[in-house]
Amino acid sequence: MTHPRFTHLALGARRGSRAVVAQAAALAFAALALPVHAGLEEGRAKAQVCAACHGADGNSPSPEIPSLAGQPAQFIVSALYMFREGRRVNAQMTPFVEKLSNADLNDLSLFYASLRLAPPKLKMPDDQVARARAVTEKNNCVACHTPTFVGQQHIPRVAGQHKAYLLTQLKGFKAGTRADIDGTMTSAAQGLAADELELVADYLSSFSPP
Ligand code: HEC
Ligand code: HEC
């Protein structure tokens with residue numbers, strides 16, 4: 001846990017089990033130490049069973065299912081880890097991770113991180129953009145997810161993600177029902193007023209990083 005990449009993860013462990021956070025961090029660290037190219041090609045083969053839902057190129061055809069293209073590899077490993085350990089549960093998703101090894105998690109994460117997310121189809125009116133931006137700055141969304149929302153380390157990319165999926169997750173974090181590896185996202189969502197959830201989901205899904 002001394003590696004600088006995990007400083008934030010370690011400090012953020014307010015809720016839940018520190019042991020789980022430590023394990024996820026150690027796992028993600030191991031992932032990054034593997035040879036990238038070999039893992040990526042293995043990941044492409046292992047991802048065939050995921051394509052029906054997440055798209056062959058990581059762009060999900062369904063608005064309720066997240067696209068995975070361009071997510072930070074470390075976030076994908078931690079998300080898969082959370083599902084595999086039963087800390088995040090979804091009837092569609094869970095059966096596909098139960099039997100995956102740590103090596104599978106690593107390979108899949110490298111594959112999806114290497115893909116390009118399709119550009120957003122919708123554009124938000126300028127006055128709404130300004131309002132939504134202010135909300136994301138006031139609530140520090142930009143500090144963790146980065147100013148262009150491409151994510152970093154164990155923090156997901158939210159730019160260009162499906163709006164319906166984002167809205168469901170934000171409501172879940174605010175209600176405390178969406179699983180959260182270190183509790184920081186649940187805290188962040190408390191600052192969003194009910195009428196800001198949709199505004200922010202719209203803004204993020206229409207955001208196209210430069
Ligand atoms: C039957 C459909 C289905 C299949 C097949 C499937 N998933 Fe998923 N996946 C989902 C759904 C639905 C969610 C969102 C769950 C939620 O709302 O918490 C999800 C979420 C995820 C997430 C979290 C993404 C995020 O932004 O939080 C990852 C990572 C993921 N899936 C990877 C995979 C991988 C890798 C495979 C193949 C081994 C796979 N999925 C197979 C439906 C599926
Ligand atoms: C302290 C850091 C931090 C801040 C501040 C923060 N987030 Fe997050 N966010 C995270 C982490 C970490 C996750 C992943 C949680 C998990 O899956 O266990 C996350 C997950 C999400 C997700 C789910 C995405 C997915 O693919 O499943 C959305 C949407 C999101 N954040 C939006 C926001 C918005 C909007 C704000 C501002 C109101 C915000 N975040 C502020 C760290 C942060």
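Just follow the structure's listing: the first ligand is 1, and inside any ligand the first atom is 1.
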Response to the item:
In this structure, OG1 of T94 is separated from CZ of R88 (nearest 0.5 Å) by 9.0 Å
Fill in: Selected option - heavy-atom contact closest to atom 14 (C) of ligand 1, from A51, S78, P66, S60
P66
Worksheet entry | Residue, atom name and distance, where the atom is the protein heavy atom closest to atom 12 (C) of ligand 1 | Q92 OE1, 3.3 Å
Worksheet item: Which bit of P156 gets closer than 4.0 Å to ligand 2, counting heavy atoms only: side chain, backbone, both or neither?
Response: side chain
Worksheet item: With backbone taken as N, CA, C and O and side chain as the heavy atoms from C-beta onward, which portion of L170 lies under 4.0 Å from ligand 2: side chain, backbone, both, or neither?
Response: side chain
Worksheet item: Is the Y203 to F149 ring centre distance short of 6.0 Å?
Response: yes
Practice prompt. From atom 10 (C) of ligand 1, work out which of R178, K99, H54, R157 has a heavy atom at the shortest distance.
Written response: H54
Discussion item. Between M185 and L170, is there a side-chain heavy-atom distance shorter than 4.5 Å?
Written reply: yes
Worksheet item: Out of R88, Q48, M93, H162, whose heavy atom sits nearest atom 23 (C) of ligand 1?
Response: R88
Practice prompt. Evaluate side-chain hydrogen bond (donor to acceptor under 3.5 Å, both in side chains) for S109 paired with N106, printing each intermediate quantity in order.
Written response: CA-CA 5 Å; S109 77; N106 291 335; 5.2 Å; no
Discussion item. As an exercise, identify every atom of ligand 2 less than 4.0 angstrom from a heavy atom of D180.
Written reply: 15 (C), 18 (O)
Worksheet item: Counting each atom of ligand 2 from 1 as listed, which ones have a heavy atom of C141 under 4.0 Å away?
Response: 34 (C), 35 (C), 36 (C), 37 (C), 38 (C), 39 (C), 41 (C)
Item to complete: Could you please spell out the steps behind the side-chain hydrogen bond (donor to acceptor under 3.5 Å, both in side chains) verdict for Q71 and R157?
Response: CA-CA 5 Å; Q71 279 293 2; R157 172 185 174 124; over 6 Å; no
Worksheet item: When you look for heavy atoms under 4.0 Å from ligand 2, do you find them on the side chain of I181, its backbone, both, or neither?
Response: both
Practice prompt. To the nearest 0.5 Å, tell me how far E64 CD sits from T168 OG1.
Written response: 4.5 Å
Worksheet item: Among S60, S205, S62, P120, which residue meets the side chain to side chain contact (heavy atoms under 4.5 Å, CB included) test with H162?
Response: S60
Response to the item:
The atoms of ligand 1 lying under 4.0 Å from a heavy atom of F75, numbered in the order shown, are 25 (C), 26 (O), 27 (O)
Worksheet item: Just distances here: any N/O of S67 and N/O of ligand 1 closer than 3.5 Å?
Response: no
Worksheet item: For ligand 2, which atoms, with element, lie under 4.0 Å from some heavy atom of H154?
Response: 12 (C)
Worksheet item: More than 12 non-hydrogen atoms from neighbouring residues, nucleotides or ligands closer than 6.0 Å to CD on E198, yes or no?
Response: no
Worksheet item: At a non-hydrogen distance cut-off of under 4.0 Å, which region of V200 contacts ligand 2 (side chain, backbone, both, or neither)?
Response: side chain
Discussion item. Need the ligand 1 atom indices (1-based, order shown) with element for anything under 4.0 Å from a heavy-atom of Y165.
Written reply: 14 (C), 17 (O), 25 (C), 26 (O), 27 (O)
Discussion item. Taking the side chain as everything from C-beta on, heavy atoms only, tell me whether H145 gets closer than 4.5 Å to V150.
Written reply: no
Discussion item. Contact between K174 and T186 at the side-chain level, heavy atoms closer than 4.5 Å - yes or no?
Written reply: no
Worksheet entry | Steps toward side-chain contact (heavy atoms from CB on, under 4.5 Å) verdict (L199, Q128) | CA-CA 8 Å; L199 177 79; Q128 291 221 46; 3.3 Å; yes
Practice prompt. Answer with side chain, backbone, both or neither: which part of T168 has a heavy atom less than 4.0 angstrom from an atom of ligand 1?
Written response: neither
Item to complete: If you have a sec, work out which protein heavy atom is nearest atom 28 (C) of ligand 1 and how many Å separate them, to one decimal?
Response: L68 CD2, 3.7 Å
Practice prompt. Output yes if C53 passes the N/O/S-under-2.8 Å test against atom 8 (Fe) of ligand 1; output no otherwise.
Written response: no
Fill in: Numbered atoms of ligand 1 (with element) below 4.0 Å of Q169, judged on heavy atoms
17 (O)
Discussion item. Let me confirm one number: the CE-SG distance from M93 to C53, rounded to the nearest 0.5 Å.
Written reply: 9.0 Å
Worksheet entry | Closest protein heavy atom (residue, atom, distance) for atom 35 (C) of ligand 1 | C50 SG, 3.6 Å
Item to complete: Could you tell me the angle subtended at atom 8 (Fe) of ligand 2 by NE2 of H145 and SD of M185, rounded to 10°?
Response: 170°
Fill in: From R131, K163, R133, residue fulfilling salt bridge (Lys or Arg N to Asp or Glu O under 4.0 Å) relative to D202
K163
Item to complete: Measure the distance from atom 22 (C) of ligand 1 to every protein heavy atom, then report the residue, atom name and distance (to 0.1 Å) of the closest one.
Response: F83 CE1, 3.8 Å
Worksheet item: Could you state the interatomic distance from CD1 (I76) to CG (L68), rounded to the nearest 0.5 Å?
Response: 5.5 Å
Discussion item. With respect to atom 8 (Fe) of ligand 1, please indicate if N90 possesses an N, O or S atom at a distance under 2.8 Å.
Written reply: no
Worksheet item: What do you reckon, does L192 put a non-hydrogen atom under 4.0 Å from ligand 2?
Response: yes
Practice prompt. Check each atom of ligand 2 against the heavy atoms of L166 and keep those under 4.0 Å away; list them by number with element.
Written response: 29 (C)
